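Take a look at the structure set out below.
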Amino acid sequence: MLDPHAQIVRRASDMRGYYADEQALEQLITAHDDPIHYETFESPVPEEYGQVKFCISRLYPGKVGDEYFMTKGHYHAVVETGEAYLGLRGQGLMLMKTAEGACQWEAFAPGKLIYVPPYWAHRSVNTGDEPLISLCLYPGDAGHSYGDIKSEGFPRRVFQRNGQVVVS
Ligand code: NI
């Protein structure tokens, strides 16, 4: 799948500080030998203005406590750049937030496009029981920035409660 050198792998241990239940994350790391949480296959396209970067990401299913597996999420380093996602497989939510505290979300579904406008940080959440696989396209010079995500998180988290997907 594309250039294997551009594969980015995030393991459960890379997600310390992101989930509400830190103990549950440590149990997951220990009990399952620090499993791969998600992986991204980036296009070998130059990161420069005018280029279109694309990637395929695979976010595995599961929960940390009762919180669904998610990506770290990011802003773009060039904040005035947007992104388009196409769901390929699986079910989930795209959580989006601004630095000013706005928060919105949209459902992933195979064949469905999700648009992330400029300035919005974005995080994928797998609410299903199979890998959530998506294609993303974004400007070549967009870059990635974690900004306030490690310290502030997102205003909402996605849990399974009584068998239901709950954004709270
Ligand atoms: Ni992005």
Side-chain angles (χ1 to χ4, degrees), residues 1-19 36-62 64 67-128 130-158 165 167:
M1 200 185 294
L2 299 176
D3 176 1
H5 297 292
Q7 180 188 16
I8 296 164
V9 174
R10 302 283 187 218
R11 293 183 176 275
S13 60
D14 295 315
M15 299 302 293
R16 287 185 170 117
Y18 288 89
Y19 287 102
I36 293 179
H37 216 67
Y38 61 97
E39 52 196 332
T40 303
F41 302 87
E42 294 265 357
S43 59
V45 170
E47 295 185 354
E48 53 190 47
Y49 178 80
Q51 302 280 359
V52 177
K53 298 274 294 177
F54 54 96
C55 71
I56 290 174
S57 69
R58 181 192 291 136
L59 170 58
Y60 288 93
V64 175
E67 188 173 7
Y68 289 106
F69 280 10
M70 61 188 180
T71 63
K72 291 183 177 184
H74 63 266
Y75 294 92
H76 290 165
V78 179
V79 291
E80 62 271 23
T81 54
E83 185 161 357
Y85 279 78
L86 176 66
L88 298 177
R89 179 181 164 188
Q91 303 292 325
L93 295 178
M94 175 68 85
L95 269 184
M96 294 173 270
K97 74 156 187 168
T98 66
E100 289 74 35
C103 189
Q104 294 185 11
W105 54 94
E106 196 167 332
F108 272 106
K112 185 185 166 202
L113 275 169
I114 295 176
Y115 183 59
V116 179
Y119 301 101
W120 287 75
H122 34 292
R123 159 183 286 172
S124 305
V125 183
N126 187 344
T127 59
E130 62 178 335
L132 176 65
I133 300 176
S134 61
L135 167 73
C136 68
L137 301 121
Y138 55 98
D141 61 339
H144 289 71
S145 167
Y146 293 109
D148 60 359
I149 294 172
K150 184 82 191 263
S151 59
E152 305 292 322
F154 277 58
R156 305 290 190 117
R157 292 180 178 276
V158 187
V165 177
V167 182

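Note that ligands are numbered from 1 as they come in the structure, with each ligand's atoms numbered from 1 the same way. All residue numbers in this chain count up from 1 along the given sequence. What you see below is based on every heavy atom in this structure, not just the backbone, and it leaves out hydrogens, waters and symmetry mates. Small disclaimer: the values here were computed from a predicted structure and weren't measured.
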Only counting residues at least two apart or in another chain, list the ones meeting side chain to side chain donor-acceptor pair (under 3.5 Å) with Tyr138.
Glu42
Between Ser145 (side chain) and His76 (backbone), is there a donor-acceptor pair under 3.5 Å?
no
Protein N, O or S within less than 2.8 Å of the Ni ion (ligand 1), waters excluded
His74 NE2, His76 NE2, Glu83 OE1, His122 NE2
Residues in ring pair (Phe, Tyr, Trp, His ring centres under 6.0 Å) contact with Tyr19, at least two apart in sequence or another chain
His37
So does Lys112 pair up with Glu106, basic N to acidic O under 4.0 Å?
yes
Considering residues at least two apart in sequence or located in another chain, which fulfil the salt bridge (charged side-chain N to carboxylate O under 4.0 Å, His left out) criterion with Asp14?
none
Pairwise distance NE2(His122) to OH(Tyr85) - rounded to 0.5 angstrom
4.0 Å
